[in-house]
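The block underneath contains the structure these notes are about, expressed in structure tokens.
This chain uses plain numbering: 1 for the first residue, then up along the sequence. Just follow the structure's listing: the first ligand is 1, and inside any ligand the first atom is 1.
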Amino acid sequence: MNILLTGGAGFIGSHTFVSLVDAGMRPVILDNFVNSHTAVLDRLRAITGHAVVCERGDVLDTAWVEQVLRRHQIAGVIHFAGYKAVGESVAQPLKYYHNNIGGAVSLMRAMEGAGCATLVFSSSATVYGDPATVPICENFPRQHTNPYGHTKLVIEDMLQAQRIAHPEWKVAVLRYFNPVGAHPSGLIGEDPVGIPNNLMPYITQVALSQRPRLQVYGSDYPTPDGTGVRDYIHVCDLAEGHVAAIKALFAQGESFTANLGTGQGHSVLEVVRAFEAASGRTIPYQLGPRRPGDVAQCYADATLAQQLLGWRATRSLQQMCADAWRWQSRNPNGYR
Ligand code: NAD
Ligand code: UFG
């Protein structure tokens with residue numbers, strides 16, 4: 001079964017490629033490499049032992065995407081392609097609305113043209129904004145606090161409208177919590193451009209002395225140690241969640257929206273300690289002010305995914321840290 005992965009050369013897409021091959025499916029990558037490197041393709045070949053099929057181009061090019069869908073006889077699409085930096089989306093909102101919403105519209109029109117109606121979409125826990133309580137269930141109210149989050153909300157709504165208008169469409173909306181870690185081979189992982197915005201890549205760069213210390217954003221939150229609590233999920237667990245989701249769409253044909261998280265929250269300082277234990281390195285840090293827009297706690301109620309998909313995350317925080325460290329220490333400059 002051929003599955004198109006838009007943005008398949010990126011962090012989550014590349015790990016999902018491996019899981020799809022492991023599950024006996026044939027993934028095809030579509031990527032313009034605006035935030036990834038072609039070197040990932042050789043790494044994927046090395047991990048899977050299979051040829052890697054990649055179409056280089058832009059998801060905004062509807063006619064070309066339709067040709068790709070037809071040429072590879074694609075049965076279903078996993079749509080990862082998009083921009084994801086919250087701060088950048090505040091500074092350059094049109095860049096985000098154009099690529100993320102425009103990209104989703106373009107892809108869906110191409111799918112319509114090619115007669116493909118099975119789609120898994122990368123949404124985010126960001127659609128819950130500042131939740132009133134935790135853990136967060138799928139039926140909690142949605143809100144957005146920045147243009148990036150707004151694009152995810154709008155795309156979720158577009159998918160819903162399309163399903164209502166065309167009941168043959170089968171859509172899985174997956175709301176990821178905080179993906180971290182890397183494939184245990186150390187060959188693929190997260191490779192942010194410039195100064196990392198996210199906690200784990202920042203910590204791994206501090207461990208390599210590429211940055212002097214971690215700034216902990218806030219130590220006065222109403223959490224056990226005062227630092228922010230998140231639901232960190234190993235990217236390989238997340239990847240396997242996508243395989244379970246696309247299989248469920250093919251098997252049951254029912255559309256659904258599900259959280260992909262572990263259901264467990266960890267504070268910033270817990271992550272620092274787990275990383276120190278996994279790497280044997282000390283992580284110097286400084287407690288600082290809160291980062292604007294951050295919430296105190298965000299973790300999933302992960303039971304729906306287990307019920308619907310028979311999937312749950314199994315890898316520990318320790319494994320997330322060990323795998324993130326293996327990737328970063330073997331590839332201090334990422335894919336470059
Ligand atoms: P990433 O930037 O590593 O991967 C995205 C890929 O899409 C990149 O390879 C990029 O080159 C490609 N791309 C972007 N615009 C494109 C376009 N117009 N045409 C073709 N390719 C294009 O990001 P990721 O971390 O792998 O995230 C994948 C998806 O998951 C994104 O939609 C993101 O919003 C979502 N998500 C990520 C996180 C996270 O923390 N990483 C959390 C929640 C949701
Ligand atoms: N943090 C620090 N120092 C840093 C970076 C982060 O203390 O240098 C803290 C944050 O304050 C937060 C925690 O570490 O408490 C996690 O922060 P991240 O930036 O790694 O992740 P966020 O939860 O803020 O956001 C991420 C993605 C969003 C996505 C969200 C939910 O960046 O796009 O997870 O999926 F919406």
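Residue Gly103 places every heavy atom at 4.0 Å or more from ligand 1. Proximity of Tyr148 to ligand 2 is established by a heavy-atom distance of less than 4.0 Å. The closest approach between Gly8 and ligand 1 stays at or above 4.0 Å for every heavy atom of the residue. Taking 4.0 Å as the cut-off, Ala125 does not count as a neighbour of ligand 1 on heavy-atom distance. The shell of residues lying under 4.0 angstrom from ligand 1, judged by heavy atoms, excludes Arg175. Residue Asp58 places a heavy atom less than 4.0 Å from ligand 1. Heavy-atom separations between Tyr285 and ligand 2 are all 4.0 Å or longer.
Within the 4.0 Å heavy-atom criterion, the part of Phe33 lying near ligand 1 is the backbone and not the side chain. Heavy atoms of Thr6 found under 4.0 angstrom from ligand 1: none, in either backbone or side chain.
Between Val295 and Arg230, some side-chain heavy-atom pair lies under the 4.5 Å cut-off. Side-chain contact between His37 and Arg336: present, with at least one pair of heavy atoms (C-beta onward) separated by less than 4.5 Å. Counting heavy atoms from C-beta on, the side chains of Cys298 and Tyr128 never come closer than 4.5 Å. Within the 4.5 Å cutoff, the side chain of Lys95 has heavy atoms near those of the Glu88 side chain. The shortest distance between side-chain heavy atoms of Tyr202 and Ile195 falls below 4.5 Å.
Listed by number with element, the atoms of ligand 2 under 4.0 Å from a non-hydrogen atom of Tyr232 are 13 (C), 14 (O), 16 (C). Atoms of ligand 1 lying under 4.0 Å from any heavy atom of Ser36, numbered from 1 in the order shown and given with element: 8 (C), 9 (O), 11 (O). Residue Gly10 approaches ligand 1 through these ligand atoms, each under 4.0 Å from one of its heavy atoms: 3 (O), 4 (O), 9 (O), 26 (O). Those atoms of ligand 1 with a heavy atom of Ser122 less than 4.0 angstrom away are 29 (C), 30 (O), 32 (O), 35 (C). Residue contact check: Val216 has heavy atoms under 4.0 Å from atoms 7 (O) of ligand 2. For ligand 2, the atoms closer than 4.0 angstrom to any heavy atom of Arg291 are 10 (C), 17 (O), 18 (P), 19 (O), 24 (O). Listed by atom number, the atoms of ligand 2 under 4.0 Å from Asn197 heavy atoms are 5 (C), 19 (O). Atoms of ligand 1 found under 4.0 Å from any heavy atom of Val34 (numbered from 1 in listed order, with element): 10 (C), 11 (O), 13 (N), 14 (C), 15 (N). Listed by number with element, the atoms of ligand 2 under 4.0 Å from a non-hydrogen atom of Phe177 are 31 (C), 35 (O).
For atom 23 (O) of ligand 2, the nearest non-hydrogen atom of the protein is Arg230 NE, 2.6 Å. Nearest protein heavy-atom contact of atom 32 (O) of ligand 2 is Asn198 ND2, 2.9 Å. Remark: minimum distance from atom 11 (O) of ligand 2 to any protein heavy atom is reached at Asp294 OD2, 2.6 Å. Looking from atom 30 (C) of ligand 2 to the surrounding protein, the closest heavy atom is Ser124 OG, 4.2 Å. In this structure, the protein non-hydrogen atom closest to atom 25 (O) of ligand 2 is Asn178 ND2, 4.1 Å. Ranking the protein heavy atoms by distance from atom 8 (O) of ligand 2 puts Tyr217 CE1, 3.5 Å first. Protein heavy atom nearest atom 9 (C) of ligand 2, with residue, atom name and distance: Val268 CG2, 3.7 Å. Annotation: atom 3 (N) of ligand 2 to nearest protein heavy atom, Gln215 O, 2.8 Å. The protein heavy-atom contact nearest to atom 31 (C) of ligand 1 is Phe80 O, 3.1 Å.
If you look at His150 and Tyr96, their ring centroids are not closer than 6.0 Å. The distance between the ring centers of Phe17 and His183 does not fall below 6.0 angstrom.
For Leu199, a nitrogen or oxygen atom sits less than 3.5 Å from a nitrogen or oxygen atom of ligand 2, counting backbone and side chain alike. Distances between N or O atoms of Thr126 and those of ligand 2 include no value under 3.5 Å. Some N or O of Asn32 is nearer than 3.5 Å to an N or O of ligand 1, by distance alone. For ligand 1, the polar-atom distance check against Phe11 finds a nitrogen or oxygen pair separated by under 3.5 Å. Every N/O-N/O distance between His79 and ligand 1 stays at or above 3.5 Å. An N or O contact shorter than 3.5 Å is missing between Tyr176 and ligand 1 by distance. For ligand 1, the polar-atom distance check against Ala9 finds no nitrogen or oxygen pair separated by under 3.5 Å. Considering both main-chain and side-chain atoms, Leu60 never comes within under 3.5 Å of ligand 1 through any nitrogen or oxygen pair. Ligand 1 has no N or O atom lying under 3.5 Å from any N or O atom of Ser123, backbone or side chain. For ligand 2, none of its N or O atoms has an N or O atom of Tyr202 under 3.5 Å away. In terms of polar-atom proximity, Ser124 is not counted as a contact of ligand 1, lacking any N or O under 3.5 Å from an N or O of the ligand. Taking any N or O of Leu30, backbone or side chain, none lies under 3.5 Å from an N or O belonging to ligand 1.
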message = Working note: Glu66 + Arg109, criterion salt bridge (Lys or Arg N to Asp or Glu O under 4.0 Å); need CA distance, chi angles, decisive distance, verdict.
response = CA-CA 8 Å; Glu66 186 178 329; Arg109 292 185 66 187; over 6 Å; no

request  = Run the numbers on His15 and Phe80 for ring-ring contact (aromatic ring centres under 6.0 Å, His included), then give the verdict.
outcome  = CA-CA 12 Å; His15 289 80; Phe80 297 105; over 10 Å; no

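The pair Arg315-Glu240 counts as a salt bridge, with a side-chain nitrogen and a carboxylate oxygen less than 4.0 angstrom apart. A salt bridge links Arg290 with Asp220: the distance from a Lys NZ or Arg NE/NH1/NH2 to an Asp or Glu carboxylate oxygen falls below 4.0 Å. One finds a salt bridge joining Arg175 and Glu156 here, because a Lys/Arg side-chain nitrogen approaches an Asp/Glu carboxylate oxygen to under 4.0 Å. Under 4.0 Å is where a charged nitrogen must lie from a carboxylate oxygen, and between Arg142 and Asp157 at least one such pair does.
With no hydrogens or angles considered, a side-chain donor-acceptor pair links Asn331 and Arg43 at under 3.5 Å. Judged by distance alone, the side chains of Gln67 and Arg70 never bring a donor and an acceptor atom under 3.5 Å apart. At a cut-off of 3.5 Å, with distance as the only test, no side-chain donor of Tyr176 or Asp231 sits close to an acceptor on the other residue. Side-chain polar atoms of Gln162 and Glu112 form a donor-acceptor pair below 3.5 angstrom.
Note: the hydrophobic cluster containing Leu260 also contains Leu249 (ILVMFWY, side chain heavy atoms under 4.5 Å, direct or indirect links). Taking hydrophobic clusters as Ile, Leu, Val, Met, Phe, Trp and Tyr residues chained together by side-chain heavy-atom distances below 4.5 Å, Met200 shares a cluster with Leu269.
Relative ring orientation between Trp325 and Phe275 is described as perpendicular, the plane-to-plane angle rising above 60° on a 0-90° scale split at 30° and 60°. Tyr335 and Trp327 have tilted rings, their planes meeting at an angle from 30° to 60° on a 0 to 90° scale.
When all heavy atoms of Gln297 and Pro222 are compared, the pair lying nearest together is NE2-O, 4.1 Å.
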